[in-house]
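Worth saying up front: this structure is predicted, and the values here are computed from it rather than measured.
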Amino acid sequence: MSETDPRKTPVIIGVGQINDRPEDPGDGLDPVHLMAEALKLADEDAGGGWLGACDSLAVVAQLAWPQLNPVDGKLAELLGIGPAHRMQTAMPNGDSPILLLHEAANRIARGEASVCAVVGGEALRTAAKLAAMKPREDGSKPNALRDASHRKRTGYAQSYGLVVPTDVYPLYENAGRAAYGQTLEEGQAESGTIWSHMSEVAAGNEGAWIREPVSAEDVVTPSASNRPIAFPYTKLQVANSSVNQGAGFIVTSLAEARERGLADDALVFLGHGVAAHESDNFLARDRYDASPSLATSIERTMQLNGVGADDLAHVELYSCFPCVPKMARRVLGWPLDKPATVFGGLTFGGGPIGNYMSHAVVEMVRRLRGTSDKGLLFANGGYATHNHTILVSGAPTGAAFPQDFDYQAEADDRRGDVPALDEGYAGEATVESYTVHYGRDGTPRSGVVVARTPDGARTLALVPGDDASTIAFLTDGKIEPVGTTGSIVRDADDMGIWQKSG
């Protein structure tokens, strides 16, 4: 393969990550200090002296300390640098690190920067403990994710309990299981297998937050330490955001790396990548058993790089909830018996909100250095909204930069018709998807059915937590609820209430 212009060939030269586990919450690092420590480690990993030449600093937005703006001067001050280009993502979405990696590569290739630093950090573990020391008047327990969502979003979906990602992703899980022709037991077994492999990877990774392997059965079986969250997900099947973690990496050109004495076997090269997204409104999706933008992101990345699944030594398939790597591995053709992570997944590696994929970059770089192996980084963010995939390799890929990674038009062309939303519907309807939300004691709090009316419109219906018969129907696995019919009646508050047939 002929080498592309080394001045326009971006390479990752340094990576760093940190876990902060103070016993006393007051001793915990805030997100900005986590970011600073991660980038110092990345600089050291690259041989030192790179941060002093950093002229682009990109930060993944954080949730733990919303009053902090890392790029307003404090992070640069802690690092002793003065980059001309500074930016922070608008939201802490899970695709952010790969987006920033791709943008850094393009800045290098366009000659807009010579050394780019990308970093993120979250300290929700410390933030939660500090908040718990200040009890609320109503006695409720602080929940940063749910509190932030309530501050920002109110409306039709939220009134039915669809507030945070934990509430929404199960819609994809249940619709996907039905589309795959799986029983509940088979669907859960697949989730357990994927997650068990992830726990094994995390157990061997000193950067992971939870380093104890868990069996597939224990992943999906409710217990005192693995309570149900939102059907069919238990605690071990959802992202673990109660962490203090930071991770970052440094990107420069191949020419700059060589001029400063770095050997090629210390570098990781970038290939082609693709981004596409769904509507920000998760009720304005064409379906819940697949994602056109996810499929476009992965398939086009593979096509542009001229590789198949067998050519990949490692993958990181984003794993906030099992439905995402399930969709991704089907598009990619990734076998169930091979780990879908290099870091450990968002349950075991740790789920620092938008910055998980920075940790995946760290681990992928460490695995690829000094080899000719290829790896795939697939990131997902929002409510199964944003998708960004990129190929990375221990050897030159031949990919030219800068790249236009926006393939939204292709994703839109693949999308089916989005049904109209009927917020006041009453009458017969068919289950499109559903979930049941549980309280901390493991009892059903409420359920929600996403239904289709006879004319094809989409509507929501509530299942009261004390409707034991309907809750059992939705969760016992005897009959697949998706595709069954029932009816919606309006209560005194004009809420749609689901009534199953029979």
Check: Lys374 main-chain N/O paired with Asp311 side-chain donor or acceptor under 3.5 Å
no
Determine yes or no for a side-chain-to-main-chain donor-acceptor pair under 3.5 angstrom, with Ser96 supplying the side chain and Asn93 the backbone.
yes
With a cut-off of 6.0 Å (strictly less than), are more than 12 heavy atoms of other residues, nucleotides or ligands near CD of Glu217?
no
Within the supplied structure, the quantity of interest is the number of heavy atoms (other residues, nucleotides, ligands) at a distance under 6.0 Å from Asp310 CG; does it exceed 12?
no
Nearest heavy-atom contact between Gly16 and Leu41 is CA-CB, 3.9 Å
Once you round to the nearest 0.5 Å, how far does NZ of Lys40 lie from CG of Leu78?
6.5 Å
Taking atom types as modelled, is there a side-chain donor on Tyr172 or Arg285 under 3.5 Å from an acceptor on the other?
yes
Return the OH to CG distance between Tyr356 and Asp95, rounded to the nearest 0.5 Å.
15.0 Å
One should read off an interatomic distance between Met327 CE and Tyr318 OH, to the nearest 0.5 angstrom, of 13.0 Å
Does any pair with a residue in residues 44-98 pass ring-ring contact (aromatic ring centres under 6.0 Å, His included), and if so which ones, sequence neighbours excluded?
none
With a 4.0 Å cut-off on N to O distance, would you call Glu190 and Arg329 a salt bridge?
yes
Between Asp280 and Thr385, is there a donor-acceptor pair closer than 3.5 Å when you use the side chain of the first and the backbone of the second?
no
Val463 vs Ile471 side-chain heavy atoms within contact, under 4.5 Å
yes
Distance alone, cut at 3.5 Å: any donor-acceptor contact between the side chains of Glu278 and Ser291?
yes
Please report the C-alpha distance between Met302 and Val331 in whole Å, then the side-chain angles of each, then the deciding distance to 0.1 Å, and finally whether the side-chain contact (heavy atoms from CB on, under 4.5 Å) criterion is met.
CA-CA 10 Å; Met302 299 296 282; Val331 172; over 6 Å; no
Run Leu332 and Leu312 through side-chain contact (heavy atoms from CB on, under 4.5 Å) and show every step you take.
CA-CA 10 Å; Leu332 179 61; Leu312 301 173; 4.1 Å; yes
Sidechain-backbone polar pair: Thr301 side chain, Ile390 backbone, donor-acceptor under 3.5 Å:
no
Answer yes or no: is there a side-chain heavy-atom contact under 4.5 Å between Leu75 and Val119?
yes
Test your reading of the model: is there a side-chain donor-acceptor pair from Asn387 to the backbone of Phe378, 3.5 Å cut-off?
no
Specify the closest pair of heavy atoms between Ala247 and Gln17, including all atoms of both residues, with the distance to one decimal.
CB-CB, 3.9 Å
Just grab all the ring-ring contact (aromatic ring centres under 6.0 Å, His included) pairs involving residues 206-249, residues at least two apart or on different chains.
Tyr233-Phe321
Testing the basics here: between Leu51 and Asp43, what is the closest heavy-atom pair and its distance to 0.1 Å?
N-OD1, 3.0 Å
Mind jotting down which residue pairs meet the salt bridge (charged side-chain N to carboxylate O under 4.0 Å, His left out) criterion with at least one end in residues 62-82? Sequence neighbours excluded, please.
Asp30-Lys74
Roughly how far, to the nearest 0.5 Å, is NE2 of His314 from OG1 of Thr371?
6.5 Å
Spacing of Ser196 atom OG and Leu236 atom CG [to the nearest 0.5 Å]
10.5 Å
Between Ala127 and Ala64, which heavy-atom pair has the shortest distance, and what is it?
CB-O, 3.9 Å
Between Tyr169 and Gln237, is any pair of side-chain heavy atoms under 4.5 Å apart?
no
Stepwise side-chain contact (heavy atoms from CB on, under 4.5 Å) test for Thr341 and Ile194
CA-CA 9 Å; Thr341 181; Ile194 297 171; over 6 Å; no
Is any side-chain heavy atom of Pro92 closer than 4.5 Å to one of Gln62?
no
Leu29 versus Asp20, closest heavy-atom pair with distance:
N-OD2, 2.7 Å
Is the backbone of Glu185 close enough, under 3.5 Å, to the side chain of Gln188 for a donor and an acceptor to pair up by distance?
no
Any sub-3.5 Å donor-acceptor pair from Asn205's side-chain atoms to Val201's backbone N or O?
no
Are Arg227 and Tyr438 packed together at the side-chain level, in the sense that at least one heavy-atom pair is separated by less than 4.5 angstrom?
no
From Arg107 atom CZ to Ser114 atom OG, the distance as rounded to the nearest 0.5 Å:
10.5 Å
Looking at Arg21, is its backbone amide N or carbonyl O close enough to the side chain of Asn244 to form a donor-acceptor pair, meaning the two atoms are under 3.5 Å apart?
no
What I want to check is whether the side chains of Asn174 and Ser433 have a donor and an acceptor closer together than 3.5 Å.
no
If we ignore hydrogens and angles and just use 3.5 Å, is the side chain of Lys326 paired with the main-chain N or O of Gly187 as donor and acceptor?
yes
Answer yes if the side chains of Asp441 and Thr443 hold a donor-acceptor pair under 3.5 Å, and no otherwise.
yes
Taking only Lys NZ, Arg NE, NH1 and NH2, and the carboxylate oxygens of Asp or Glu, determine whether Arg258 and Asp264 approach each other closer than 4.0 Å.
yes
For Leu368, the option from Asp373, Ile12, Leu267 that meets side-chain contact (heavy atoms from CB on, under 4.5 Å):
Asp373
For a 4.5 angstrom cut-off between non-hydrogen side-chain atoms, does Phe405 reach Asn106?
yes
Begin from the C-alpha positions of Phe269 and Thr9 and carry the test side-chain contact (heavy atoms from CB on, under 4.5 Å) through to its verdict.
CA-CA 8 Å; Phe269 297 78; Thr9 301; 4.2 Å; yes
Flag the pair His437 / Val448 as yes when at least one side-chain heavy-atom distance between them is below 4.5 Å, and no otherwise.
yes
Any heavy-atom pair between the side chains of Leu162 and Asp167 that's under 4.5 Å?
yes
Looking at Ala208, is its backbone amide N or carbonyl O close enough to the side chain of Arg211 to form a donor-acceptor pair, meaning the two atoms are under 3.5 Å apart?
no
Looking only at non-hydrogen atoms, find the nearest pair between Ser225 and Lys235 and report the distance.
O-CD, 4.1 Å
